[in-house]
Amino acid sequence: MAMSEEGPAPKSRRGSRQSNVPGGRQIAHKVKVTPEQERRLQERAHDAWVSVPRLMVEEALADQIGQTATARHDLAVEFFGAYRLLASITSNVNQIAGATDAVGEQQEEFAATFAAVRRTGQRVGAALEGQEST
């Protein structure tokens, strides 16, 4: 594994490694870079929480520019978060509707809940726009 002046390459925050393949990975590539290129590679790998070799493989083999396995995972995490938030909001809307039916007047939580719906919709929309631009 490559070492930089700062120490070993960063480990994934997810702690995940590539799956083993039958016979192992037997081919290694040696790439020479300038100090500036090394700095940029280290920076990008650190930001993605992967090693420089993994960054290079993911970037080179990505179906689309910016669509590394790490980027797809981060997008999936964002969508699951939005899904959980929408599920919570749905529950709140049902509670508000029940309370409104019971007392016959609009509940105080109504405005805050629908503001949360708008924010979540904007968050999902922004994630989709980011996906389209890659």
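The first residue of the sequence shown is numbered 1, and numbering continues consecutively from there.
- The minimum heavy-atom distance between Leu85 and Arg123, with the atom names listed, is CD2-NH1, 3.8 Å.
- With rounding to the nearest 0.5 angstrom, the OG atom of Ser91 is 12.5 Å from the CG atom of Leu86.
- Between Val52 and Gln42 there is a side-chain heavy-atom pair separated by less than 4.5 Å.
- No single ILVMFWY cluster, assembled from side-chain heavy atoms under 4.5 Å apart, contains both Val117 and Phe80.
- Between the side chain of Glu58 and the backbone N or O of Leu55, no donor-acceptor pair lies under 3.5 Å.
- Two different hydrophobic clusters hold Ile96 and Val103 under the rule that ILVMFWY side chains link at heavy-atom gaps under 4.5 Å.
- Taking 4.5 Å as the limit, some side-chain heavy atom of Phe114 sits within range of a side-chain heavy atom of Val93.
- The two atoms that bring Val33 and Gln37 nearest to each other are CA-OE1, 3.3 Å, heavy atoms only.
- A salt bridge links Glu36 with Arg39; the closest basic N to acidic carboxylate O contact falls under 4.0 Å.
- A 4.5 Å side-chain heavy-atom check between Glu38 and Thr34 finds every atom pair outside the cut-off.
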Glu105 and Thr100: CA distance, side-chain angles, deciding distance, side chain to side chain contact (heavy atoms under 4.5 Å, CB included) verdict: CA-CA 5 Å; Glu105 58 187 55; Thr100 299; over 6 Å; no

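- Other residues, nucleotides and ligands contribute more than 12 heavy atoms inside 6.0 Å of the CG atom of Asp101.
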